Amino acid sequence: MKTDILKFLVHCQIPMVDVSNKKIRLSSLISMRALSLSYHQDLLDTANTDPGLLNTMITGDESWVYGYDPETKRQSSQWKHPESPRPKKARQVRSKIKVMLTVFFDVRGIVHHEYAPEGQTVTKEYYHDVLRRLRDAVRRKRPDMWTANNWHLHHDNAPAHSSQLIHTFLAKHGITTVCQPPYSPDLAPCDFWLFPKLKTPLKGSRFESREEIMRNATMELNTIPKENFQRCFRQWKDRWAKCVQAQGAYFEGD
């Protein structure tokens, strides 16, 4: 793909807004919506100009996987007679045993996934090492993309992802980044599809060790059919269009 077509994707520096005190100025919200609208309009135009864009994108993120995660209300619902007493349910909480999963995927499936060592936080140094392993996975699993050097990395603007160390690493290896506007989980494939797809079947099960969590999470990842990844990327593009229609406002659902 020509460099000029993707120039708006390179070195994205998206301003962050402090929401810790819940006093966000209206002008900041308007600015964020305008940014999201402009960004996704450009991204949608680029994808329409080059339909092959989605085939070259690798998206990823991190998330906790728990030893026990309570079932959703839908999962735990029970059939009962109208005159039956309401079933009593004990309050369930997530377990303290958990593992940090980092995963990257494209339209063909999982490209790379790994679990952080116990006690490891996602720092810029750790993420730098993750990206080195991702590059190796692309070389081994996507030799066509590696040879053409035409793949694009999509990740959010978390501090560990947007540090100068990471920008330098990506620039050194010629990796174009497709950034994620802040506070937009509705537009991040990991958030709106992969993590719910992975975690929902695990809810309600109890795993007694990190090893058991990792084994079951990996098994779930490996059972996702290729066509589901393809559908996810089509839905992602559809969400760009919905973002434009909503003038950059947050939305939920398909």
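Sequence positions, counted from 1, serve as the residue numbers for this chain. This one's a predicted model, so the numbers in the text were calculated from it and none came from an experiment.
- The two residues Ser209 and Ile97 make their nearest non-hydrogen contact at C-CG2, 4.2 Å.
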Would you sort out whether Thr102 and Leu134 count as a side chain to side chain contact (heavy atoms under 4.5 Å, CB included), showing the intermediate values? CA-CA 10 Å; Thr102 303; Leu134 171 62; over 6 Å; no
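- Looking only at side-chain heavy atoms (C-beta outward), Lys199 and Ser63 come within less than 4.5 Å of each other.
- Side-chain N or O atoms of Ser38 include none that pairs as donor or acceptor with a backbone N or O of Ala34 at under 3.5 Å.
- For Arg210 against Ala116, the heavy-atom pair with the smallest separation is NH2-O, 2.9 Å.
- Aromatic ring centres of Phe104 and Trp151: separated by at least 6.0 Å.
- Taking both residues in full, the closest heavy atoms of Leu202 and Phe207 are given as CD2-CZ, 4.0 Å, listed atom of the first, atom of the second, then distance.
- Annotation: the span from Met145 atom CE to Asn150 atom CG amounts to 6.0 Å, rounded to 0.5 Å.
- Using a 30° and 60° split on the angle between ring planes, Tyr66 and Trp64 fall in the tilted class, from 30° to 60°.
- Few gaps surround NZ on Lys141; more than 12 heavy atoms of other groups in view lie less than 6.0 Å from it.
- Side-chain contact between Asp136 and Arg139: present, with at least one pair of heavy atoms (C-beta onward) separated by less than 4.5 Å.
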Run the numbers on Asn216 and Glu220 for side chain to side chain donor-acceptor pair (under 3.5 Å), then give the verdict. CA-CA 6 Å; Asn216 282 274; Glu220 288 296 332; over 6 Å; no
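- The shortest distance between side-chain heavy atoms of Tyr115 and Leu101 falls below 4.5 Å.
- Going from atom CG of Leu187 over to atom OH of Tyr39 covers 9.0 Å, rounded to the nearest 0.5 Å.
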Could you go step by step and tell me if Ile110 and Phe229 meet the side chain to side chain contact (heavy atoms under 4.5 Å, CB included) rule? CA-CA 9 Å; Ile110 302 297; Phe229 290 95; 3.9 Å; yes
Determine, stepwise, if the pair Thr56 / Asp50 fulfils side chain to side chain contact (heavy atoms under 4.5 Å, CB included). CA-CA 11 Å; Thr56 64; Asp50 187 342; over 6 Å; no
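- When all heavy atoms are compared, the tightest approach of Phe105 to Cys232 is CE1-SG, 4.1 Å.
- Going from atom CG of Asp156 over to atom CD of Gln180 covers 7.0 Å, rounded to the nearest 0.5 Å.
- Side-chain atoms of Tyr127 and His155, non-hydrogen and from C-beta on, do get closer than 4.5 Å to each other.
- With contacts defined as side-chain heavy-atom distances shorter than 4.5 Å, the pair Phe233/Trp193 does not qualify.
- Rounded to the nearest 0.5 angstrom, Leu198 CG and Met219 CE are separated by 10.5 Å.
- Inter-residue side-chain proximity for Glu62 and Tyr126 is flagged as unmet; no heavy-atom pair is nearer than 4.5 Å.
- Salt bridge status for Asp129 with Arg132: present, with a side-chain N to carboxylate O gap under 4.0 Å.
- In this structure, Glu114 CD and Met100 CE are separated by 11.5 Å, a value rounded to the nearest 0.5 Å.
- Although no hydrogens or angles enter the test, the distance criterion places a donor-acceptor pair under 3.5 Å between the side chain of Glu212 and the main chain of Glu208.
- Counted within 6.0 Å of CD on Glu118, heavy atoms from surrounding residues, nucleotides or ligands total 12 or fewer; the atom is thus considered open.
- Annotation: side chain of Phe169 is not in contact with side chain of Leu165 (no heavy-atom distance under 4.5 Å).
- Screening Ile175, Thr59, Ile58, Leu53 against His152 for a side-chain contact (heavy atoms from CB on, under 4.5 Å) leaves a single residue, Leu53.
- Residues Met214 and Val99 share a closest heavy-atom pair of CG-CG1, 3.9 Å.
- The shortest side-chain heavy-atom distance between Met57 and Asp106 does not fall under the 4.5 Å cut-off.
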Yes or no on side chain to side chain contact (heavy atoms under 4.5 Å, CB included) for Arg234 and Lys237, after CA distance, side-chain angles and deciding distance? CA-CA 5 Å; Arg234 291 195 298 269; Lys237 183 182 176 183; 5.9 Å; no
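- For the atom pair CZ of Arg142 and NE2 of His112, the computed distance is 13.0 Å after rounding to the nearest 0.5 Å.
- For the residue pair His154 and Pro189, the shortest heavy atom distance occurs at CE1-CD, 3.9 Å.
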